[in-house]
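What follows is one structure encoded as structure tokens, with my remarks underneath.
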Amino acid sequence: MKNQSVKSTIDWISILLYFTLVFAGWLNIYSASLPNEATSFFDLNQIYGRQLLFIMASIPLIILVVSIDAKFYEKYPMIFYIIGILSILGLMVFGKTVKGQTNWYQFGGFGIQPSEFVKTTTALLLAKFIADSQDSLSTFKDQMIALAIIGIPTLLILQHDTGSAMLFASLIFVLYREGLPSWYLWTGFIVIALFVMSLVIKPGFIIGLIAVVSIIHFIFNKKINRNPFLYLGLAVVMMTFVFSVDYVYDEVLEPHQKDRINVLIGEDVNLQREGYNLNQSKIAIGSGGWFGKGFLEGTQTKGGFVPEQHTDYIFTTVGEEWGFVGASVIVILFVCLFLRLIYLCEQQKSRFTRVYGYCVVCFLFIHFGLNITMLVGLFPTIGVPLPFFSYGGSSLLAFTILLFIFLKLDANKVNEW
């Protein structure tokens with residue numbers, strides 16, 4: 001059987017959604033960064049001009065990605081992964097420090113953030129390992145290897161960029177989809193819940209709650225080991241963790257990280273300092289009303305009241321100038337893309353392609369979810385760009401590669417047995 005062409009098999013719905021989001025993102029970047037005297041769209045001295053250059057560069061990149069044989073991505077993921085790890089390690093020697101974080105390689109007037117591209121290399125190796133595994137992550141050894149594939153770049157990036165490192169944790173959902181025991185997820189949720197509760201509730205109340213829940217679960221549990229010593233041990237571990245939160249908060253977290261948590265949990269904060277970004281973000285979004293003030297008419301945007309509005313806070317421009325209706329349209333476009341990709345994942349004959357596809361969905365969704373929620377105060381500000389929307393060459397090109405490798409793999413499914 002002759003292989004079908006990519007043009008006839010690639011998912012054009014996903015491509016249409018991709019370009020729609022990229023174009024909408026550029027319009028908002030243009031509005032957020034337009035100087036008093038408008039210049040050419042291609043003015044590289046302006047943010048919107050540089051973003052347009054990145055968009056144009058993404059087109060030949062897409063052609064290259066989909067022109068490469070699909071088996072190439074499945075054959076060499078370990079090499080890609082090692083290159084990605086080395087690129088992060090290289091920041092220690094060759095990286096440029098910006099705002100206290102060494103996340104970038106600087107080349108002339110442009111910078112490259114390697115952590116953005118490591119998402120793709122990690123997804124490829126994780127997909128390869130799971131595809132080659134015969135036990136569907138049922139053995140402890142396979143679980144540890146899969147978690148190590150995710151954990152190595154996470155720990156390395158954590159030293160430079162806490163926000164980016166957190167994003168890799170979303171791949172735990174891919175592992176769960178492929179057979180990882182559910183207790184891993186429950187453990188993560190419980191740890192996060194206890195940490196947050198310990199910051200806003202007195203430890204004594206939480207200790208009592210742990211005791212009551214443990215006793216109730218022990219009495220009514222009929223499915224798993226009802227060993228009382230197991231329950232007692234778990235309760236003691238959780239109680240110990242609760243008392244350790246204050247130490248971690250005071251001695252481990254950086255001042256700016258504590259400030260962001262204080263903003264989230266409603267502690268008294270200075271609205272002219274640590275609370276400024278969130279406060280201005282809410283004002284900008286709320287001022288848009290139902291239908292917005294109109295393109296290029298946002299007073300908060302034009303006044304420069306929202307810091308870094310063209311990057312992590314780009315959605316505030318949508319809220320102010322396009323209003324609730326326009327913001328809802330953008331959210332719906334993202335949701336349509338996520339649902340489309342999930343649908344494609346479930347149509348795959350190859351486990352490698354399915355796992356990689358779910359990695360793509362997880363990365364895109366966690367970026368989207370964290371970016372939107374941090375703008376309205378439901379999550380701490382951690383510097384997460386909105387995929388295909390926020391300003392940034394590394395972000396746009398990395399997300400483009402991440403997505404179109406999957407679309408290439410999906411297009412090739414007609415040639416697989």
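Values reported hereafter were calculated over all heavy atoms of this structure, with side chains retained and with hydrogens, waters and symmetry mates removed.
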For this session: Walk me through it: do Ile342 and Tyr358 pass the test side-chain contact (heavy atoms from CB on, under 4.5 Å)?
Result: CA-CA 7 Å; Ile342 291 173; Tyr358 272 115; 3.9 Å; yes

For this session: Over all heavy atoms of both residues, which pair between Ser214 and Met238 is shortest? Give the atoms and the distance, please.
Result: OG-CE, 4.4 Å

Exercise. Going by the angle between their ring planes, with limits at 30° and 60°, are Trp26 and Phe23 parallel, tilted or perpendicular?
Worked result: parallel

Exercise. Run the side-chain contact (heavy atoms from CB on, under 4.5 Å) check on Ile10 and Asp410 step by step: do they pass?
Worked result: CA-CA 7 Å; Ile10 199 165; Asp410 172 69; over 6 Å; no

Exercise. Does the side chain of Cys345 reach to within under 4.5 Å of the side chain of Phe406, using non-hydrogen atoms?
Worked result: yes

Exercise. Can any side-chain N or O of Glu321 pair as donor or acceptor with the backbone N or O of Gly292 at less than 3.5 Å?
Worked result: no

Exercise. With a cut-off of 6.0 Å (strictly less than), are more than 12 heavy atoms of other residues, nucleotides or ligands near CZ of Phe324?
Worked result: no

Problem set entry | Sidechain N-carboxylate O distance under 4.0 Å for Arg354, Glu346 | no

Exercise. Would a 4.5 Å heavy-atom cut-off, applied to side chains only, mark Ile207 and Phe243 as touching?
Worked result: yes

Problem set entry | Phe338 atom CZ, neighbour heavy-atom count above 12 within 6.0 Å | yes

Exercise. What's the verdict on side-chain contact (heavy atoms from CB on, under 4.5 Å) for Ile112 and Phe117, showing C-alpha distance, side-chain angles and the deciding distance?
Worked result: CA-CA 9 Å; Ile112 295 179; Phe117 298 91; 3.8 Å; yes

Exercise. At what distance, to the nearest 0.5 angstrom, does CD1 of Ile150 lie from CZ of Phe168?
Worked result: 9.5 Å

Problem set entry | Minimum side-chain heavy-atom gap Thr353-Asn412 below 4.5 Å | no

Exercise. So, does Ser58 use its side chain to make a donor-acceptor pair with the main chain of Ile55 at under 3.5 Å?
Worked result: yes

Exercise. Does Leu296 reach the side chain of Tyr30, with side-chain heavy atoms less than 4.5 Å apart?
Worked result: yes

Exercise. How close do Ser31 and Phe295 get, heavy atom to heavy atom, and via which atoms?
Worked result: CB-CE1, 3.9 Å

Exercise. Any side-chain heavy-atom pair from Leu124 and Tyr76 closer than 4.5 angstrom?
Worked result: no

Distance-only donor-acceptor pairs under 3.5 Å for side chains of residues 361-372, two or more places apart:
residue	atom	partner	partner atom	Å
His367	ND1	Pro385	O	3.2
Asn371	ND2	Asp312	O	2.9
Asn371	ND2	Val384	O	2.6

Exercise. Does the side chain of Trp322 come within less than 4.5 Å of Val329's, by heavy atoms?
Worked result: no

Problem set entry | Stepwise side-chain contact (heavy atoms from CB on, under 4.5 Å) check, Leu16 with Trp12 | CA-CA 6 Å; Leu16 177 61; Trp12 290 100; over 6 Å; no

Exercise. Do you know which two heavy atoms are closest between Ser198 and Leu194, and how far apart they sit?
Worked result: OG-O, 2.6 Å

Exercise. Which distance, rounded to the nearest 0.5 Å, do you find between the OH of Tyr48 and the CG of Leu53?
Worked result: 14.0 Å

Problem set entry | Test item: Leu396 and Tyr391 side chains (from C-beta on) under 4.5 Å apart, heavy atoms | no

Problem set entry | Minimum heavy-atom distance between Val65 and Lys408, given as atom pair plus value | O-CG, 4.1 Å

For this session: Return yes when atom CE of Met144 has more than 12 non-hydrogen atoms of other residues, nucleotides or ligands closer than 6.0 Å, and no otherwise.
Result: yes

Problem set entry | Backbone of Ser87 reached by a side-chain donor or acceptor of Tyr105 within 3.5 Å | yes

Exercise. Sequence neighbours excluded, which residues qualify as salt bridge (Lys or Arg N to Asp or Glu O under 4.0 Å) partners of Glu116?
Worked result: Lys119

Exercise. So, Tyr184 versus Gln143: side-chain donor-acceptor pair below 3.5 Å or not?
Worked result: yes

Exercise. Does Tyr81 reach the main-chain N or O of Ile149 with its side chain, forming a donor-acceptor pair under 3.5 Å?
Worked result: yes

Exercise. Would you say the side-chain atoms of Thr400 and Tyr18 include a donor-acceptor pair closer than 3.5 Å?
Worked result: yes

Seminar exercise, completed: When rounded to the nearest 0.5 Å, the distance separating CG of Leu175 from CG of Asp142 is 11.0 Å

For this session: Kindly compute the distance separating NZ (Lys128) from CG (Asp132), expressed to the nearest 0.5 Å.
Result: 4.0 Å

Seminar exercise, completed: To the nearest 0.5 Å, atom CD of Glu74 lies from atom CG of Asp69 at 10.5 Å

Exercise. Would a distance-only check, ignoring hydrogens and angles, find a side-chain to backbone donor-acceptor pair under 3.5 Å from Ser395 to Gly392?
Worked result: no

For this session: Find out whether Leu137 and Phe129 are in side-chain contact, i.e. whether some heavy atom of one side chain is under 4.5 Å from a heavy atom of the other.
Result: yes

Exercise. Which pair of heavy atoms, one from Leu402 and one from Val360, lies closest together, and at what distance?
Worked result: O-CG2, 3.5 Å

Exercise. For the atom pair CG (Leu125) and CD1 (Ile82), what is the distance rounded to the nearest 0.5 Å?
Worked result: 8.5 Å

Exercise. Looking only at atom types and distance, does a side-chain atom of Arg351 sit under 3.5 Å from a main-chain N or O of Ile130, one as donor and one as acceptor?
Worked result: yes

Exercise. Closest heavy-atom contact between Ile157 and Ser115?
Worked result: CD1-CB, 3.7 Å

